[in-house]
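A note on names: the letters A, B, ... follow the listed sequences, proteins ahead of strands, and every chain is numbered from 1. We use all heavy atoms of the structure for the numbers below, so side chains are in, but hydrogens, waters and symmetry mates are not. Quantities reported herein were computed from a predicted structural model and do not represent experimental measurements.
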There are 2 protein chains.
Amino acid sequence: MLTQSEENYLKAIYSLSEDQKEAISTNLLAEKMSTKPSSVTDMVKKLSVKKLISYQKYQGCELTVVGKKRAIQIIRKHRLWEVFLVNNLNFGWDEVHEIAEQLEHIHSSKLTDHLEEYLGFPKVDPHGDPIPNKNGVFEKINKSIALSDVDTAVKGIVVGVEDGSSGFFQFLKRYEIGLGTEIKVVEKFNFDLSVLVLIDGKEISFSSVVANKIFIQIK
Amino acid sequence: MLTQSEENYLKAIYSLSEDQKEAISTNLLAEKMSTKPSSVTDMVKKLSVKKLISYQKYQGCELTVVGKKRAIQIIRKHRLWEVFLVNNLNFGWDEVHEIAEQLEHIHSSKLTDHLEEYLGFPKVDPHGDPIPNKNGVFEKINKSIALSDVDTAVKGIVVGVEDGSSGFFQFLKRYEIGLGTEIKVVEKFNFDLSVLVLIDGKEISFSSVVANKIFIQIK
DNA sequence: ATTATTTTTTAGGCATGTCTAAAAATAGTG
DNA sequence: CACTATTTTTAGACATGCCTAAAAAATAAT
């Protein structure tokens, strides 16, 4: 049985591994976990002993097959709970992350499976992220792209945002941006990497921070 | 913010306080928590500093008003989740205790309140125990009585069982005893405190252990 | 190729929550 | 009342998960 901390590390390593195929460095993981590199070293040693990651001193770490499966199961739980909170308990999609962070650590695969069935086997969570099935299989073909990477004059609809601070969700609410919102990139400014977009007829300038966090699907 | 361990201690002290009005002794609490008296001493000191219990060396402990409120909120969460698991996720009433033990520690009063509303403000959990409302108020007038305390020739229906081992639930299942089952006490034996009962036309003998755990409502 | 810089690890400490063994306080008994 | 038995507390230890500071390894730069 894994501790919550161990589970959170697995999740973080999984998440970082989606962006790069090389091993995850200690510093990067420390940043992701909001902790110190020395703490990370301690933990990766422990996870390595448990065969959940492969780790060589000074060489970073990678999930093993077993570790990856575990990580996906945690993500599965997280996303299913988010669906429940939004669809059934009337939470806003911007309030569910923290609660799901807690719920994802409940140990009972029967609970997860019953919940999934109760929710009608949803394929995506309220942020547009795909939900793995019981066997850890899920559609990775989410061809969404960050606003910062979209070419000028291209438009698409919001299919996801990066999990972030509640401040970010406030921001989205303020501009009435949600799943399905149509956004067109009008102009991109290289000097500060900001992006000028068109939403519902209004021009808005997004800083690079924001542009990196909003994902749209083109066409 | 309380740790899970602190919350479990509060719950245990609350539970023991229902059976006796004197202070809860260290040994009794240790037994309830399946831990050692020395560990209990450490914890009660901590809870005492936090003003959740009153504690004098060698004199046992008692919940303060604040501590009692906290305990009731945890019980509220536990029971609401049990209702959810049984009514919505199709769990048997004998499988939900352990999972609810985990879910009761999720920190979000908004979640609890939304869940309560979603469930339609249930008044009792699947074991027949009353569910405190948002303000910690609940009907204590559960006039149920343990089978061991029922007089001969009296009959009633099962309204609750004491949370116990899964072995006990297996036992109940085996004899097809659940909420609503009618039980009549035929004879009581003082030499071993066993009870002979009539269920669905069949005579069954219950040991005192079992008779202490099954609660029926008379009339 | 030899420094300088950055990354990573080690060493030692701290808080939580548990344990065992021993000491202290309380309760029970002749 | 004194002696024994029980209960409770203290003292010291251990695992987890984190920290800081310093050492070691790897990487970059001159």
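Among the nucleotides D:dA25, D:dT9, C:dT20, the one closest to any side-chain atom of A:Y58 is D:dA25. Picking from D:dT20, C:dT18, D:dA25 the nucleotide with the shortest atom distance to the side chain of B:S39 gives C:dT18. Of the candidate nucleotides C:dT10, D:dT8, D:dA25, D:dT8 has the atom nearest to the side chain of B:S25. Listed nucleotides C:dT8, D:dC18, D:dT8 differ in distance to A:T26; the shortest reach to its side chain belongs to C:dT8. Closest approach to the A:T3 side chain among C:dT9, D:dT16, D:dC18 is made by D:dT16 (side chain taken as heavy atoms from C-beta onward). Side-chain atoms of B:S38 lie closest to D:dT10 of the nucleotides D:dT20, C:dT7, D:dT10.
B:N27 has a side-chain polar atom (N or O) that falls below the 4.0 Å cut-off from OP1 or OP2 of D:dT8. Residue A:T41 places no side-chain N or O under 4.0 Å from the OP1 or OP2 atom of C:dT10. For B:K57, a side-chain nitrogen or oxygen approaches OP1 or OP2 of D:dT10 to under 4.0 Å. Applying the 4.0 Å criterion to OP1 and OP2 of D:dT10, one finds that B:K45 has a side-chain N or O inside that range.
Between B:I75 and B:K11, some side-chain heavy-atom pair lies under the 4.5 Å cut-off. Here the side chains of A:L172 and A:F168 are in contact, with some heavy-atom distance below 4.5 Å. Looking at heavy atoms from C-beta onward, B:L119 lies in side-chain contact with B:N88 at the 4.5 angstrom threshold.
Computed from coordinates, the A:Q4 CD to D:dC18 P distance equals 11 Å when rounded to whole Å. As rounded to whole Å, 12 Å separates atom C1' of C:dT7 from atom CG of A:L28. The nearest whole Å value for the distance from the CE atom in A:M43 to the P atom in D:dC19 is 11 Å. Between the CD atom of B:Q59 and the P atom of C:dA24 there is a distance of 19 Å, given to the nearest Å. Remark: P of D:dC14 and NZ of B:K36 are 18 Å apart, rounded to the nearest angstrom. When rounded to the nearest whole Å, the span between CG of B:D42 and C1' of C:dT16 equals 10 Å. At whole-Å resolution of the value, OH in A:Y55 and P in C:dT7 are 16 Å apart. Remark: P of C:dT18 and CG of B:L29 are 11 Å apart, rounded to the nearest angstrom.
Remark: B:K51 NZ is loosely packed, at most 12 non-hydrogen atoms of other residues, nucleotides or ligands lying under 6.0 Å away.
Counting non-hydrogen atoms under 4.0 angstrom, B:S5 reaches the backbone sugars and phosphates but no base.
A side-chain donor-acceptor contact under 3.5 Å links B:S194 and B:D192.
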